[in-house]
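Comments concern the structure below.
Residue numbering restarts at 1 for every chain, and letters A, B, ... go by the order of the sequence lines.
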Protein chains: 2
Amino acid sequence: MFSKACEYGIKATIYIASNSHEGKRVSLKGISKHIDSPEAFTAKILQILARENVVNSIRGINGGFEIEESQLEKIQLADIVKAIDGDAIYKGCGIGLKECNEIHPCPIHNDFKIVRNELRNLLETTNLKSLAMDVNSGASFLKV
Amino acid sequence: MFSKACEYGIKATIYIASNSHEGKRVSLKGISKHIDSPEAFTAKILQILARENVVNSIRGINGGFEIEESQLEKIQLADIVKAIDGDAIYKGCGIGLKECNEIHPCPIHNDFKIVRNELRNLLETTNLKSLAMDVNSGASFLKV
DNA sequence: ACTAAATAGGATAAATTTATCCGAATAAAT
DNA sequence: ATTTATTCGGATAAATTTATCCTATTTAGT
């Protein structure tokens, strides 16, 4: 479904969010440890997310990654996915037709539309704050 | 969502089905032409599908691929996807946790479950015959 | 038997994704 | 100023996916 890079990106961002929500900045090392991801590869992904303004990166000693508290409710899962995998997954045709729509549908267009919209809805309406709070309360987990 | 191989596999199988439904056997060449896919790569995918008994392959002159009329209603999209990509896409965790379930959920588990089940339902209840008939009637398309 | 047309399957190449390494840049602390 | 901890970014490597090529095998027709 999502690329590995995107999976790491989602987990990393939620981890950063859950710490930012508690006023803590986290380092790459801490992130990859907590989400169980390869450090250098995770760094690349965080670079992308920082460039796309999903997370803030702070260089130098005591640096790391954080998200402004005020942003936590504004950033949606879709922002992360879009930055890393693009939006084909929740906008494109299920079997890769370039032109696939109501008047020129692929064979699974109508059924797939439902899945895609469900996914799109999930991604576009789930904000970081709620995800972070679930992790903080122990209601959900980022690894294993 | 699906791999390229799986997209080709789905399109190829529907194309074979739509011809089998009309009593016609089709060749690799004809398939890749009609679904707009690389011939040799498509051959590999058809090999897999033949091994998994999704399609029948007939070697030699006048050979090609076909599906028994009686099978058209029995084969579901899920059979194709499972043979090529496996079932992780409609059974696994959205962000790749090995253990992700009600008592140890990832942060998107509950919302993602809906998408996954919708997808699973689509794949497991859509049979080849209905897809083939739509293509034959001009209601849906396999390329562009 | 021979030929021609087709799939099977092994070897390999190209492209993309995933992953690592290392020096540069940055910033705080001493 | 120097040291130290950190991210940035370029280069490269490893793994996987996508794609091609070529020979073997199979089968129908002659």
[X] [atom1] to [N] [atom2], straight-line distance once rounded to whole Å:
| X | N | atom1 | atom2 | answer |
| --- | --- | --- | --- | --- |
| D85(B) | dT17(D) | CG | P | 9 Å |
| I48(B) | dG9(C) | CD1 | P | 11 Å |
| I31(A) | dT6(D) | CD1 | P | 12 Å |
| K4(B) | dT17(C) | NZ | C1' | 15 Å |
| Q47(B) | dA6(C) | CD | C1' | 13 Å |
| I16(B) | dA6(C) | CD1 | P | 15 Å |
| L28(A) | dA19(C) | CG | P | 14 Å |
| K29(A) | dC8(D) | NZ | P | 15 Å |

Next item on the list: Identify which one of K24(A), R25(A), H34(A) satisfies the side chain to side chain contact (heavy atoms under 4.5 Å, CB included) criterion when paired with N19(A).
Entry: K24(A)
Using a cut-off of 4.0 Å on non-hydrogen atoms, how would the nucleic acid contact of [X] be classed: base, sugar-phosphate, or nothing?
| X | value |
| --- | --- |
| L46(A) | nothing |
| K44(B) | base |
| A43(A) | nothing |

Next item on the list: Determine the minimum heavy-atom distance between L131(A) and S140(A), stating which atoms define it.
Entry: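 Nearest pair, atom of L131(A) first, then S140(A): O-OG, 4.4 Å.
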Notebook entry, point to check: If you look at every heavy atom in D36(A) and K143(A), which pair is closest and at what distance?
Noted result: CB-CD, 4.0 Å
Next item on the list: Using heavy atoms to find the nearest nucleotide of DNA chain C for T42(A) and I58(A) separately, return the residue whose nucleotide is more 5′.
Entry: T42(A)
Next item on the list: Report the residue (R51(B) or I61(A)) whose heavy-atom-nearest nucleotide on DNA chain C is the more 5′ of the two.
Entry: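 Nearest nucleotide further toward 5': that of R51(B).
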Which of these nucleotides, [options], is closest to any side-chain atom of [X]?
| X | options | value |
| --- | --- | --- |
| S57(A) | dA27(C), dC8(D), dT7(C) | dC8(D) |
| F41(B) | dT18(C), dT26(D), dT20(D) | dT20(D) |
| A5(A) | dT20(D), dC21(C), dT18(C) | dT18(C) |
| N62(B) | dA28(D), dT7(D), dT20(D) | dA28(D) |

Margin query: If you compare every side-chain N and O of Y8(A) against the phosphate oxygens of dA19(C) (OP1, OP2), does one of them come in below 4.0 Å?
Written below: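 So the side chain of Y8(A) is within the cut-off, an N or O lying under 4.0 Å from OP1 or OP2 of dA19(C).
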Margin query: Does K29(B) have more than 12 heavy atoms from other residues, nucleotides or ligands lying within 6.0 Å of its NZ?
Written below: no
Check: What's the verdict on side chain to side chain contact (heavy atoms under 4.5 Å, CB included) for Y90(B) and K82(B), showing C-alpha distance, side-chain angles and the deciding distance?
Finding: CA-CA 10 Å; Y90(B) 59 98; K82(B) 200 171 181 180; 4.0 Å; yes
